[in-house]
Amino acid sequence: MSYIEFKGISKFYGENEVLQKLDLSIKKGELITLLGPSGCGKSTLLRCLAGLETVSNGSILLDGKDITNMDTTKRQIGMVFQKYSLFPNMTVKENIAFGLKVMKVNKVEIEEKTKKMIELVGLEGRENHYPRQLSGGQQQRVALARAIVTEPKVLLLDEPLSAIDALLRKKLQDQIRSIVKELGITTIFVTHDQDEAMVMSDRVYLFNNGNIEQCGTPVEMYTHPKTHFAARFMGNYNIIESTKFNSLTKNNFKSEFIAIRPEVIEISPEIFADNMENSVTFKTKITDTMSHGNVLRYTLETENGVKLKSEVLFRSFRLYDIGQELYVTIEKKNCLEIDK
Ligand code: ADP
Ligand code: MG
């Protein structure tokens, strides 16, 4: 049974339909990511759930109740935004305790809960610091603690890590995931970063221009994108027009495009003799190479002008140079047929 349900949600700003009859359902305790490029409607949907924005059509259910028109303050939803929205004139402890005070929780309980939260987000020793005395990462951990201390039904995180540098960001991704999982909070995380969505989520909803393009687990989305857009956004796929691919490989793929992940492309100076039934093979030339962490990325080009990116690990048995002619072999099961 779903804990949160969006049914036929539309949102218009004037003539502009920024959410187009969306249906989403989220189970209790799930960590869902809304992924998509800037401007595709992710924040608008979160704001509708939080009651900061009204919907034009459709309904929202939370824990079996219709909350479509419920007052914001009654929805029991915690939020963290990209911009650190802490109260600048309050200490870490006061910021975290704020929601409990509003709810008129007694002092002893406030003290206990605040202390527990400070430990949970690893800010012991900084209880009496003001936001300006903290780094961006620390401020976001205060914001997280402040959002979850009141035990909300749902936690909404709108690009909370966008302003944080790459290394720290990876660490915070792990921390946030383990904290919300430990507490079992149903969480909706918003990002435009595919890698972030992959590591954070139980399931991903991929947004495209006010519509849901595809939804699934990170592995499903990565290995089986259904559309051109999903393949581009999720896996850095090579996307080739089927007519060109068919003439290159003497196949008869019927879809409009073929999508191939860079790491499934085998390259070698000679044609692989075995397993030809289940593979396609053609000749290419290396036109560029680029190192990328522990991966080497080759740009390959065929005689009919098809360009492909292939990725191999640096520890590979053989590495090749620009200008070298190579045969490409790809298992047919890794040539995904994509339609639009
Ligand atoms: P995302 O969070 O995916 O970047 P948003 O939900 O913020 O996207 O915005 C979706 C679309 O709605 C954009 O085209 C944006 O310009 C438009 N939009 C958002 N808020 C408003 C508003 N208050 N008034 C008019 N248009 C808005
Ligand atoms: Mg946004």
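Both counts, for ligands and for their atoms, begin at 1 and track the order of listing. In what follows, residues are counted from 1 in the order of the sequence shown. These values consider heavy atoms only, across backbone and side chains, with no hydrogens, waters or symmetry-generated copies.
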What atoms in ligand 1 come closer than 4.0 Å to a heavy atom of Gly39?
1 (P), 3 (O), 4 (O), 8 (O), 10 (C), 11 (C), 13 (C), 14 (O)
List the atom of Thr33, the atom of Ser201, and the distance in Å for their closest heavy-atom pair.
OG1-OG, 2.6 Å
Can the positive tip of Arg177 be found less than 6.0 Å from the middle of the six-membered ring of Phe189, inside 45° of the ring normal?
no
Short N or O distance, Glu53 and ligand 1, threshold 3.5 Å exclusive
no
Considering heavy atoms of the protein only, find what lies nearest to atom 7 (O) of ligand 1 and give residue, atom and distance to 0.1 Å.
Ser43 CB, 3.8 Å
Those atoms of ligand 1 less than 4.0 Å from some heavy atom in Cys40
1 (P), 3 (O), 8 (O)
No-hydrogen, no-angle side-chain donor-acceptor test under 3.5 Å, Asn251 and Thr249
yes
Would you say Ser25 and Ser2 are linked by a side-chain donor-acceptor pair, where the criterion is simply a distance under 3.5 Å?
no
Based purely on interatomic distance, does Val18 place a nitrogen or oxygen under 3.5 Å from a nitrogen or oxygen of ligand 1?
no
To the nearest 0.1 Å, how far is atom 19 (C) of ligand 1 from its closest protein heavy atom, and which atom is that?
Tyr13 CE1, 3.6 Å
Can you tell if the side chain of Tyr3 reaches within under 4.5 Å of the side chain of Met1, non-hydrogen atoms only?
no
Below 4.0 angstrom, counting only protein heavy atoms, does anything approach atom 13 (C) of ligand 1?
yes
Hey, does the Lys NZ or Arg CZ of Arg232 hover above the aromatic six-ring of Phe229, less than 6.0 Å from the centre and inside 45° of the axis?
no
Under a 4.0 angstrom heavy-atom cut-off, which atoms of ligand 1 come close to Thr44?
5 (P), 6 (O), 9 (O), 10 (C)
Examine Phe282 together with Tyr327 and report whether their ring centres are nearer than 6.0 Å.
no
Report whether any nitrogen, oxygen or sulfur of Thr44 sits less than 2.8 Å from the Mg ion (ligand 2) (N, O or S, backbone or side chain).
no
Tell me: protein heavy atom nearest atom 8 (O) of ligand 1, and distance?
Gly41 N, 3.3 Å
